Amino acid sequence: MISPRDGPALLALCQIMIRRLFREGMVVRSMLWPPVLTAGTLVGTMVVVVLLKSPATVAIPSTLSAELTRELTAAEFQLIWVDDPAAAVKRGDVWAGTDGTTLWLTQGDGGSVSLESIVRKHHGSAWRPVPPKQLPGADQSSLAGTTFVQIITILFALYGVVFGIGMVARDRDDGTLEAELSLPISRWVPGAARWIAGTLVLSIFLGYSIAIFDAIIGVTNPLQLMRHGIAACGGSMTLGIIVIGTAGTKQGFSGPLAFALTSATALFGVGFSALAIAPYVPLASVFAGGSGWSPLGLTLASGVLTGAGFGWRSGKG
Amino acid sequence: MSWATLVAMTHGLILENLVKRFHTASRGEVVAVDHLSLAVKAGEVYGLLGPNGAGKTTTLRILATLAEADSGTITVAGVDRNSNPMGAREVLAYVPAEAGLPVRLSPREVVRLFARIQGVTDGNNRADALLERMGAASYADMACGELSTGMKRRVVLARALVHQPQVLLLDEPTDGLDVHGRREVLSLIREQAEAGRTVILSSHIMGEVERVIDRIGVVNHGKMVAEGTLDEVLAQSKTSSLDDAFVALVHTP
Amino acid sequence: MIRPVRVVAIAHRDRLVELKGRRGWVLPAVMVGLMLPISGAPQQGIGRVASQFIPTKIAAVGEVPSSILALDGVTEEDAPQALHFANANNVVEVTTTRVPTVIRNTLDATDPRPVGLSIHQTPPSMPSRSMFLALLSASTLTGAVSASIGGERSGRTFIALLAASVTRLEVVLGKWLAWGGLGASSALMAAFVTIVLGRLSMGWWLLPMVTVPLSFVALGLWLVRQASDVMGGTTVTLRVLPAIVGVTGTIAWIVGQDIPLVGAAIPMGGALIAAGSTWGNGAAPALVATASTLALTAWLLHATSTDLEENLETSGTSARWAFALRTTIVAAMAWWPALLIPLLWGIAGNAHLSETLPRPPGVLAGAAGLFAVTALWLLRQRTDRPRWFSQPTVTGVVVSLVVGALLAAGSQWSMASTVLHFGEEARLRMAAALWPSWTGPFIGLTAILADELLFRGWLQERVGPAWAVAAWTAVKSPFDPLGGILQGIALTGIVQQTGSIWTAAIARSAAVVTAVYLPNVPPPLALGALLFAAVAMTLWARGATPSAS
């Protein structure tokens, strides 16, 4: 059912919803929190690393060749001469030890690539690891930045669930929804307006977060991540609205929220476990990769269904 | 016995030089209550009248310990509200303009729960009896979200009276009610005064309150502009009806 | 004075309000549905599920040896985390941050001169499943906790509760008991199942396990004490609760590896880790963790009760200086991270990352941040179309162009006077982003517009020219305050006189363009140009209607 008034009404309601969301300090702070806090955490971490960075101490025997010793010194390893490097590592006195043919480490082999590379090169091995000049990737961007964005997308998707449930639940409780449904417009309009406004606001802040991360650490294919992100935000809005819509008016907020949050988390889990379908499913696709067009299309379709379902449900009273 | 103690004993509520200021984004500092003083005896219905934004609700909220005044003293049924807000809450009941009933609970549950929260012994029976007396027994087990405004108002009154308060503060008690509903609620209010309670009600609708009030205080911009019985206020304003008196007293050119 | 009967009544009311209705079983069902499988699953089952989340695929790219490609799970793929293989003088080079064991073993097998690798690592003490049960019992209550104050406010039901003859502390304790009690009992039930099925044995970990949901709910109530509705409350709990639990938990776990009692003493995190029986079955860590977390819980409940009002009075306008300070902090947080963090990366020992990061997104992200700050303030303040958007006069444009040229000369003095190397780095980074890339003019214009909208437009309107100049200097010119102040005064003068921010934008654009072609100006002359611009604009603006409200 579509009436000529629906278009302008949808626009007006969207505008009202967006303004309302922007005027809610707690909501806005929540959405600004991911880029600001994560950026702040990064600054703090780096300052701590700069101030407290412990030197990479390497135990070597006095018999180690002068050339290898020189190379290790040039690579800024702090050398400590001992009789038995293996014992020094075992005691925890040093970070690593080598006698030129064997490498003893205290913390697994992560972070010791440059030490191993020098030792292998000097020993004449047929292979050696090389520390990346920057994190490797198809477009030379940072894997770490991409991971940050993926984690933040989870948070935004969970906000989507809250927005979906909250925008219907509170408006239902304070009578706003009833007033909207009494207007001479189709019944799908209030639901669709909430879906569009919530998805739009979340996408704007997610986009800003991605821009920040691309600038400070680099992310792989930000536009692709953005597509997955919008799909996740819209998908979670759909989830929230459907869950609260089917819960009925005599139901509190906590049950539907716990159910919707669990469902959203389960969908993210699908991204790890069902790799064949995950790239096409909103939320699951965040970790599954792919171009992001399919989940985005599905999310837009789910938005239309949300409006239709909302209209149908509210028509039942 | 000092004069002040005597006054406190005979009066359900004494309020002296109450001042409350707000800071707002659009108007800067606003004096919501400006050196307001009044005294209401036990068994008396006092109408706190004034236009919207005159400071009525703020005054009632301060009396109900929901907001703090910048200065002034308040005694509620002999209890100093400023030094003993908890004691004051024990002897008063506040009925806000909005019902504020949990939409998913029934009136019976609401009133019974409030009886328990207020520490009323035999709370369930008293709650049921109150609902009966308020004429709410027929819908006591429906969800509050399904009740009409008039029904909700009765439930709210039952909730307020469940701990037998000595002072009843009613903010716009007839707001949103039809003629029947208004009459019923006003007669319930009159009953409370006749039972010896001190009742203050705020309203901006003149005609409906003049039937139940003993004395009137008209406030405007937080200040008391006229006070007394209906006849005294009419004399002060040189008018013949409360509506006209109200317009004359709060008129701002 | 705490009256248990009233506290219990409030708790009962809260639970009824939230869980009544035909779908009231949903929250308990979600809790049971999540916790029961974890309580009862055999250890191997948990390991199998966990292993699903560990990637088994290894992507390799470049000159990948055939022995590597023949391995199970290795695919030739240019993925972000792929190992890059290259052949340099018959030596295979693997570019990566970590060589997987299977790759290492394969390469070593054909290496005539392998290097032995021996790792002496004490495996860290890991928490058992009871930690996850404690965490689940708490986290499923996020919605209930958020609704318990915000929902009451938006539903107008809070006022009757606060006006009742109960203390604020009793109200808070009732709400805490409602949801903390539910969390604690569900945790206990899950623990019971785990013990009965023989997955874990009874121990002191039960104490901190019960403490976790109790403290989680107390923290949640404190976080949402000012929430006006469920949505505001939930967005706060959803982001802050996991962060606090995660950070304190990680710290407690790391510290506790060496000194368990110190780790246990960290509130919340200590209880969480102790709930997992991470530090053995001893009583001391469990008791210390429980005591420290309950102490925090008590403080949180008290703090919530002292800050619990029925409606939140919006303080609206604060003093000008406070508003300016707040805006300055927010603007600095919006502008600087994208530009400064890459520099910090370099200082922290990641020069390669810092050098290779693209620069334009930094300035764009900063400008977007400033736009966002302005837009947010405008939306929140319900301002109509600002009058500082008005069209400038021809005289205004001409004066702006002249001032722009003076500012360009002055900027050379600013560059020369910069004493902090760090500031110059940041400036160079900005310059690299703005010039000579073809996107430079666009990015530059975006940054300029963002600045003028915020500092000369919105902020000048709200707090007046003096505070606006101070904020501008603090945010955009912290390494060269004098230059910033003079530039700010000149630009403010233009806007004051013309009543439009477009003139300031024109002046700054002119300054950027002129700066590129301007030959070196001696520093005194450059400073003179800046001073002249500032004084001239101040004099010109005298008599103009102040734009600050």
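Because the structure is a prediction, the values reported are computed rather than measured. A, B, ... follow the sequence lines: proteins, then strands. Residue 1 opens every chain.
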Looking at side-chain heavy atoms only, is the closest gap between [X] and [Y] below 4.5 Å?
X: Thr234(C); Y: Leu257(A); value: yes
X: Thr262(A); Y: Leu34(C); value: yes
X: Phe259(A); Y: Leu27(C); value: no
X: Val91(C); Y: Arg128(A); value: yes
X: Trp127(A); Y: Val99(C); value: yes
X: His120(C); Y: Leu105(A); value: no

Quick check on [X] against chain C: is it the side chain, the backbone, both or neither that has a heavy atom closer than 4.5 Å?
X: Leu155(A); result: side chain
X: Phe287(A); result: neither
X: Leu21(A); result: side chain

Heavy-atom cut-off 4.5 Å, strictly under: side chain, backbone, both or neither for [X] against chain A?
X: Ala334(C); result: both
X: Leu223(C); result: backbone
X: Val92(C); result: both

Between atom [atom1] of [X] and atom [atom2] of [Y], what is the distance when rounded to the nearest 0.5 Å?
X: Glu18(C); Y: Ser254(A); atom1: CD; atom2: OG; answer: 3.5 Å
X: Phe253(A); Y: Ser148(C); atom1: CZ; atom2: OG; answer: 11.0 Å
X: Tyr159(A); Y: Met231(C); atom1: OH; atom2: CE; answer: 11.5 Å

Nearest non-hydrogen partners of Ala211(A) and Ala365(C), listed with the distance:
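Nearest heavy atoms, Ala211(A) then Ala365(C): O-CB, 4.0 Å.
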Scanning both residues in full, the closest heavy-atom pair of Asp111(C) with Ser125(A) reads OD2-CB, 3.3 Å
Partners of Glu77(C) by salt bridge (charged side-chain N to carboxylate O under 4.0 Å, His left out), sequence neighbours excluded?
Lys57(C)
Could you tell me which residues satisfy salt bridge (charged side-chain N to carboxylate O under 4.0 Å, His left out) with Arg20(A), sequence neighbours excluded, listed by chain and number?
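Asp171(A).
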Mind ranking [options] by heavy-atom pairs under 4.5 Å with chain A and telling me who comes out on top?
options: Val30(C), Ile103(C), Leu107(C); value: Leu107(C)
options: Asp229(C), Asn87(C), Asn90(C), Thr140(C); value: Asp229(C)
options: Gly143(C), Gly116(C), Pro112(C); value: Gly116(C)

Among the listed options Ala126(A), Gly92(A), Ala96(A), the residue most often paired with chain C at heavy-atom distances under 4.5 Å:
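Heavy-atom pairs under 4.5 Å are most numerous for Ala126(A).
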Mind ranking Thr101(A), Ile18(A), Leu103(A) by heavy-atom pairs under 4.5 Å with chain C and telling me who comes out on top?
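When all of Thr101(A), Ile18(A), Leu103(A) are compared, Leu103(A) has the most.
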Please lay out, stage by stage, how Leu238(C) and Val162(A) fare under the test side-chain contact (heavy atoms from CB on, under 4.5 Å).
CA-CA 9 Å; Leu238(C) 214 55; Val162(A) 176; 3.5 Å; yes
Between Trp104(A) and Ile119(C), does the side-chain contact (heavy atoms from CB on, under 4.5 Å) criterion hold? Intermediate values first, please.
CA-CA 6 Å; Trp104(A) 294 278; Ile119(C) 299 168; over 6 Å; no
Are Glu116(A) and Arg104(C) close enough for a salt bridge, meaning some N to O gap below 4.0 Å?
yes
